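Worth saying up front: this structure is predicted, and the values here are computed from it rather than measured. Just so we're on the same page: letters track the sequence lines, and every chain starts at 1. All values below come from the heavy atoms of this structure, side chains included, with hydrogens, waters and symmetry mates left out.
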There are 4 protein chains.
Amino acid sequence: MGKTVNKSILLGHVGKDPEIHVLQADNTVANFTLATNDIYRDRMGESHETTEWHNLVAFGRTAEVVRDYVQKGSRIYVEGKLRTRSWDDRETGQKKYRTEIVILDLTLLSFNNGNENGADYSSENGNGARQVRRSNTQQHPGQDYAYSEQGGDPNEIPF
Amino acid sequence: MGKTVNKSILLGHVGKDPEIHVLQADNTVANFTLATNDIYRDRMGESHETTEWHNLVAFGRTAEVVRDYVQKGSRIYVEGKLRTRSWDDRETGQKKYRTEIVILDLTLLSFNNGNENGADYSSENGNGARQVRRSNTQQHPGQDYAYSEQGGDPNEIPF
Amino acid sequence: MGKTVNKSILLGHVGKDPEIHVLQADNTVANFTLATNDIYRDRMGESHETTEWHNLVAFGRTAEVVRDYVQKGSRIYVEGKLRTRSWDDRETGQKKYRTEIVILDLTLLSFNNGNENGADYSSENGNGARQVRRSNTQQHPGQDYAYSEQGGDPNEIPF
Amino acid sequence: MGKTVNKSILLGHVGKDPEIHVLQADNTVANFTLATNDIYRDRMGESHETTEWHNLVAFGRTAEVVRDYVQKGSRIYVEGKLRTRSWDDRETGQKKYRTEIVILDLTLLSFNNGNENGADYSSENGNGARQVRRSNTQQHPGQDYAYSEQGGDPNEIPF
DNA sequence: TTTT
DNA sequence: TTTT
């Protein structure tokens, strides 16, 4: 029940591997970008394509799913809300703004780098199951967290 | 038909009277801000309300509707797409960003300053009809345009 | 987190006063219809308007809000999910279907019978506050429930 | 610009190969069903999954895309509007209803039977390109139409 | 009738 | 800068 509505729906490809930060023991944050494409026709009737880049952020359980299953090239569906943060730039003293979509719902549409037709990953583990990243400490060596196995079958993918 | 989706749905109140610009004879642009509210509960269980401000932009026919019917305090429903523009700041040389929602569909939910229950405006023209702004030259004296009466009953409100 | 998406967004006017049923002590159900309009142009270029009627259903707390604030003519924004129920018709033995939108989010856009500009209701209580129906036993005499005052300021409207 | 909103967003799997009908030379119609899943927890805390079936219909150019690229098992994203048709049943004389989603926007999320990771089809044509159905006369032998090659590169997939 |  |  709300007086207002703030909802965004995006479907596109992830621009780079998510950055993961652990704020507190209990709160993971994931930041990444998502590309959507717009096709328009100019006055001469020629078709052009532009790419729009969106800043996405996820918290908590959703951030853990991002950490474990989303990477550069992944195709995802996202539902969220817009949020604009502002701060004073240290150097120039100017007000700066950054608009983000806070993810409230996430659907994975591809695995292994967004290549919807590749067959390479099944050969990696030889059993046909989806291989997931349960840690990415190499990419973010400063972090120290463990995937919570409790509360569900560890072999069950949570989406 | 598209490979990606870029859709935002907003319902809220307009922060101030739209700024109207006429780029060419044929292309009106309207810029304004929209507020949405978010209620969240902090760790102490106390309820807080934040306001999110969105930059909206409309073009063409939609901008004309904004010019004529939207004002500070109006409650509106908007469907659009996200667009982030960037430019180099003249003074500092820094890259700056501004994210906007380009309006693709607009529904007016209130008239006369968003007061959904006020009866004052009907007394202004004494006939119970909705009174609309067909020009706002006072607010934007530098502009010179006329509302196009052709293509429809001038008494018909186009939404 | 989900593998699929089932989401409907409707904004329109309520066709008749909601029917309220109390299944158990704890679970109120509200059923009503919502009209949306579609304007289309036929092959001759003439404009036509059709009305689409949607079956809406709300449960629990949301149903209580519907009971107390929604009536015939109310303009509302609704977000929900589609659900199709089927049963065998007693007389004919035929399979029958009914598709409903289960309300997940509700925003009231008007008060007093959807008349967004009326001033009559404020004269009813003489204090400018919105008057709400806290019971509708006349309309639904078979029911016996009371609006729960606990859990919040009884003068606070919950949306 | 509209007074009301009637919008549905679905992401799921296609239940069976679309039925294609050609009403006139110029108007193709495609009918098919789409499954979405809902997970809920009962009073005992046990998790259950239900499947919701949606009736989808596409017209014109969109129907041609459905005809050529959508099949049983395909995963798709759809945006559309709800429409309920009614008729009197010939046998019983009863009023019957059928609610459909009229597709306004369609995004294909998988190829070859929804297997997002399968590599089998690329071996069918040996060049790694997506293989599309440009006719389905076997399935609908009564029809006689040809995919329009004009208006674009015939090798370009239109979404 | 889909999918995980 | 809106609104309740």
Side-chain angles (χ1 to χ4, degrees), chain A residues 1-6 69 84 86 107-111 128-130 132 152-153 155-159, chain B residues 10-19 31-39 47 49-56 70-78 109-110 113-118, chain C residues 1-6 69 84 86 107-111 128-130 132 152-153 155-159, chain D residues 10-19 31-39 47 49-56 70-78 109-110 113-118:
Chain A
M1 242 59 54
K3 290 186 276 281
T4 62
V5 175
N6 173 4
Y69 303 104
T84 299
S86 68
T107 298
L108 270 274
L109 303 175
S110 66
F111 291 87
R130 289 189 288 208
V132 303
D153 181 347
N155 294 315
E156 189 194 337
I157 296 180
F159 50 82
Chain B
L10 300 173
L11 193 163
H13 290 90
V14 173
K16 50 185 170 184
D17 287 340
E19 290 175 29
N31 285 279
F32 62 104
T33 54
L34 188 80
T36 59
N37 300 110
D38 214 356
I39 296 165
S47 174
E49 183 166 335
T50 59
T51 296
E52 197 63 42
W53 286 101
H54 310 274
N55 301 310
L56 272 62
V70 172
Q71 54 196 289
K72 180 178 176 177
S74 294
R75 193 183 204 187
I76 63 171
Y77 168 92
V78 152
L109 302 175
S110 65
N113 288 313
N115 178 0
E116 279 139 295
N117 302 297
Chain C
M1 242 59 55
K3 290 186 275 282
T4 63
V5 175
N6 173 3
Y69 302 103
T84 299
S86 68
T107 299
L108 269 274
L109 303 175
S110 65
F111 290 88
R130 289 190 289 207
V132 301
D153 180 347
N155 294 316
E156 189 194 337
I157 295 179
F159 49 80
Chain D
L10 300 173
L11 194 163
H13 290 88
V14 172
K16 50 185 170 183
D17 286 340
E19 290 174 27
N31 287 279
F32 60 105
T33 55
L34 188 80
T36 59
N37 299 109
D38 215 356
I39 296 166
S47 174
E49 183 166 334
T50 59
T51 296
E52 197 64 40
W53 287 100
H54 309 274
N55 301 310
L56 272 63
V70 173
Q71 53 197 291
K72 179 176 175 176
S74 294
R75 193 182 202 187
I76 63 171
Y77 168 91
V78 152
L109 303 175
S110 66
N113 287 313
N115 178 0
E116 280 139 295
N117 302 299

Test side chain to side chain donor-acceptor pair (under 3.5 Å) applied to B:Asn31 - qualifying residues, sequence neighbours left out: none
Picking from E:dT1, F:dT1, F:dT4, the nucleotide nearest the side-chain atoms of A:Lys3 would be F:dT4
Select one nucleotide: of F:dT1, F:dT3, E:dT1, the one nearest the side-chain heavy atoms of B:His13.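 Nucleotide nearest to B:His13's side chain: F:dT3.
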Can you tell me how far [atom2] of [N] sits from [atom1] of [X], to the nearest Å?
| X | N | atom1 | atom2 | result |
| --- | --- | --- | --- | --- |
| B:Glu19 | F:dT1 | CD | P | 15 Å |
| D:Asn55 | E:dT1 | CG | C1' | 11 Å |
| B:Glu52 | F:dT1 | CD | P | 16 Å |
| B:Gln71 | F:dT3 | CD | P | 11 Å |
| D:Lys16 | E:dT2 | NZ | P | 10 Å |
| B:Leu109 | F:dT2 | CG | P | 19 Å |
| B:Tyr77 | F:dT3 | OH | P | 22 Å |
| B:Glu49 | F:dT4 | CD | P | 11 Å |

Between CD on residue B:Glu19 and OG1 on residue B:Thr33, distance to nearest 0.5 Å: 9.0 Å
Give, for atom NE2 of D:His13 and atom CD1 of D:Ile76, the distance between the pair rounded to the nearest 0.5 Å. 10.0 Å
Under the criterion of centre distance below 5.5 Å and interplanar angle below 30°, is D:Trp53 classified as stacked on the base of E:dT1? yes
Categorize D:Thr51 for me: base, sugar-phosphate, or nothing, with a 4.0 angstrom heavy-atom threshold over every strand shown.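 If one applies the 4.0 Å heavy-atom cut-off, D:Thr51 turns out to touch a base.
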For A:Asn6, side-chain contact (heavy atoms from CB on, under 4.5 Å) partners two or more places apart: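 Partners of A:Asn6 under the side-chain contact (heavy atoms from CB on, under 4.5 Å) test: A:Lys81, A:Leu82, B:Leu10, B:Thr36, B:Glu52, B:His54.
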